[in-house]
Amino acid sequence: MNKQKRTPVIAGNWKMNKTPAETFAFINEVKPLVADADCKVVFCVPFVDLAPAIEAAKGSNIAIGAQNCHFEKSGAFTGEISAEMLKSMDVEYVIIGHSERRQYFAETNETVNKRTRAALAEGLKVILCVGETLAEREAGITSEIVSMQLKVALNGISADELENIIIAYEPVWAIGTGKTATSDQAEEVCAILRNLVKELYSENEAEKIVIQYGGSMNAGNADELLSKPDVDGGLIGGASLKSNDFSIIVKAASK
Ligand code: 13P
């Protein structure tokens, strides 16, 4: 399938890093470094950083996203944020189902599906994360695990809605560990996921959907990972906190 039909997306996931003041300064600093990007550039920031990030990114090619949202519209859910709240602030993207949410906050395939549907219903673009643990990879069940995660997450989602979904393949063992998947390992799983989209929807949808790799992607390895036919971008943790490193990854995706 033709990679040229897809625009790569490089998204930073700041996780629990940076204060509002640091956010405002950082986005202003990174703006000129990515201004001529030939790919989409997104920063997914903590909730309290959304307003300063949006303010600083105004008029630039940087889009801003959140890192989670709840599936209910409103109500007694202490500490949660709804998709409608995000949309009302002009947030464009939201990460759903990150492995840290699954690991530490009891996120399941079912709640990932509910959150995805709620976000899409509000018109947000979803970066949907899937990925296997080291034990699952060693047991030889990577394909089954990521396929199950994706299938359940996409349950009830139409082909039209799929246009607002980016899939992020993030092997849990490669996140924050400095252990990157080899480009062949990344390609293998991204191709499995694209094939599954073809089975669930059609060849056309499979050819259009952007599939990112995430897990210790950095300025040194981005080129190689992004050269693979089914790797359309990256979801970047640590390296998205440094403007120079991040801009090198954006340049690699812009080729
Ligand atoms: P690192 O790039 O720090 O490994 O994090 C990847 C990630 O989890 C992005 O969502």
Side-chain angles (χ1 to χ4, degrees), residues 8-18 22-23 26 30 34 39-47 49-50 53 62-69 91-105 107 112 115-116 119 124-134 136-137 142 145-146 149-150 153 165-183 185-186 189-190 193 210-226 228 231-253:
V9 181
I10 299 295
N13 173 11
W14 282 2
K15 308 191 179 184
M16 197 171 72
N17 290 290
K18 296 196 192 289
E22 288 166 347
T23 300
F26 183 94
V30 81
V34 300
C39 65
K40 288 191 186 153
V41 179
V42 185
F43 283 99
C44 296
V45 304
F47 290 128
D49 295 335
L50 287 168
I62 297 174
I64 301 301
Q67 299 171 11
N68 188 26
C69 71
V91 170
E92 224 179 305
Y93 288 81
V94 61
I95 296 173
I96 305 276
H98 191 277
S99 63
E100 286 148 19
R101 301 288 322 166
R102 295 176 190 258
Q103 240 179 311
Y104 308 131
F105 303 99
E107 201 79 66
V112 169
R115 288 176 202 262
T116 300
L124 293 164
K125 297 189 180 91
V126 172
I127 300 178
L128 179 59
C129 301
V130 299
E132 82 287 3
T133 63
L134 185 59
E136 289 161 348
R137 174 160 282 267
T142 297
I145 293 293
V146 297
Q149 289 172 335
L150 186 62
I165 293 187
I166 292 170
I167 299 169
Y169 166 53
E170 298 209 308
V172 179
W173 48 272
I175 293 177
T177 57
K179 231 193 245 174
T180 322
T182 65
S183 55
Q185 285 172 323
V189 180
C190 289
L193 295 168
V210 169
I211 305 184
Q212 299 174 316
Y213 167 79
S216 300
M217 193 189 266
N218 58 40
N221 61 26
D223 232 351
E224 167 68 17
L225 286 159
L226 294 166
K228 292 293 173 180
V231 180
D232 305 316
L235 186 54
I236 326 290
S240 74
L241 299 167
K242 300 177 205 135
S243 55
N244 274 326
D245 289 17
F246 186 79
S247 67
I248 290 171
I249 301 172
V250 167
K251 281 196 181 77

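Both ligands and their constituent atoms are indexed starting at 1 by order of listing.
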Heteroatom distance test ([X], ligand 1): nitrogen or oxygen, under 3.5 angstrom:
{"X": "Thr177", "value": "no"}
{"X": "Gly176", "value": "yes"}
{"X": "Gly238", "value": "yes"}
{"X": "Gly237", "value": "yes"}
{"X": "Glu100", "value": "no"}

* To do: Determine, considering heavy atoms only, which of Met217, Gln212, Gln67, Glu170 sits nearest to atom 7 (C) of ligand 1.
  =>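 Comparing heavy atoms across Met217, Gln212, Gln67, Glu170, the nearest one to atom 7 (C) of ligand 1 lies in Glu170.
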* Asked: Applying the side chain to side chain contact (heavy atoms under 4.5 Å, CB included) test to Val30, which of Asn244, Val41, Ile62 qualifies?
  ->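 Checked Asn244, Val41, Ile62 against Val30; only one passes side chain to side chain contact (heavy atoms under 4.5 Å, CB included): Ile62.
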* **Approximate separation, where rounding is to 0.5 Å, of Glu170 CD and Leu235 CG** =>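 Atom-to-atom, Glu170:CD and Leu235:CG are 4.5 Å apart.
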* To do: Would you name the heavy atoms of Ser216 and Gly176 that are closest together and state the gap between them?
  =>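 Reported closest heavy-atom pair: OG-N, 3.9 Å.
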* side chain to side chain contact (heavy atoms under 4.5 Å, CB included) partners of Ala153, counting only residues at least two apart ->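 Residues passing side chain to side chain contact (heavy atoms under 4.5 Å, CB included) with Ala153: Val112, Leu128.
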* Below 4.0 angstrom, N of the basic side chain to O of the carboxylate: do Glu107 and Arg101 qualify? ->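 The answer is yes: the pair qualifies as a salt bridge.
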* Is there a donor-acceptor contact under 3.5 Å linking the side chains of Gln149 and Tyr169? ->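 Looking only at side-chain atoms, Tyr169 and Gln149 do not form any donor-acceptor pair under 3.5 Å.
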* Parallel, tilted or perpendicular: ring planes of Phe43 versus Phe26, cut at 30 and 60 degrees ->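 Aromatic pair Phe43/Phe26 classed perpendicular.
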* Asked: Quick one: does Ala239 get a heavy atom under 4.0 Å from ligand 1?
  ->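 The answer is no: ligand 1 sits nowhere under 4.0 Å from a heavy atom of Ala239.
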* Asked: If you count the atoms of ligand 1 from 1 in the order shown, which ones are under 4.0 Å from a heavy atom of Gly215?
  ->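 Checking each atom against Gly215, I get 4 (O), 6 (C).
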* Using a strict 4.0 Å cut-off to heavy atoms of Ser216, name the atoms of ligand 1 that fall inside it. =>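 Those atoms are 1 (P), 2 (O), 4 (O).
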* Asked: Under 3.5 Å, side chain of Tyr213 to main-chain N/O of Ala181, donor-acceptor pair present?
  ->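 Yes, because the side chain of Tyr213 sits within donor-acceptor range (under 3.5 Å) of the backbone of Ala181.
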* Backbone, side chain, both or neither: what part of Ala174 comes under 4.0 angstrom of ligand 1, heavy atoms only? ->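 The answer is the backbone of Ala174.
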* Part of Ile175 within contact of ligand 1 (heavy atoms, under 4.0 Å) ->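 It is both parts that get close, each with some atom under 4.0 Å.
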* Asked: How far is atom 5 (O) of ligand 1 from its nearest protein heavy atom, and which residue and atom is that?
  ->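 Atom 5 (O) of ligand 1 sits closest to the protein heavy atom Lys15 NZ, 3.2 Å.
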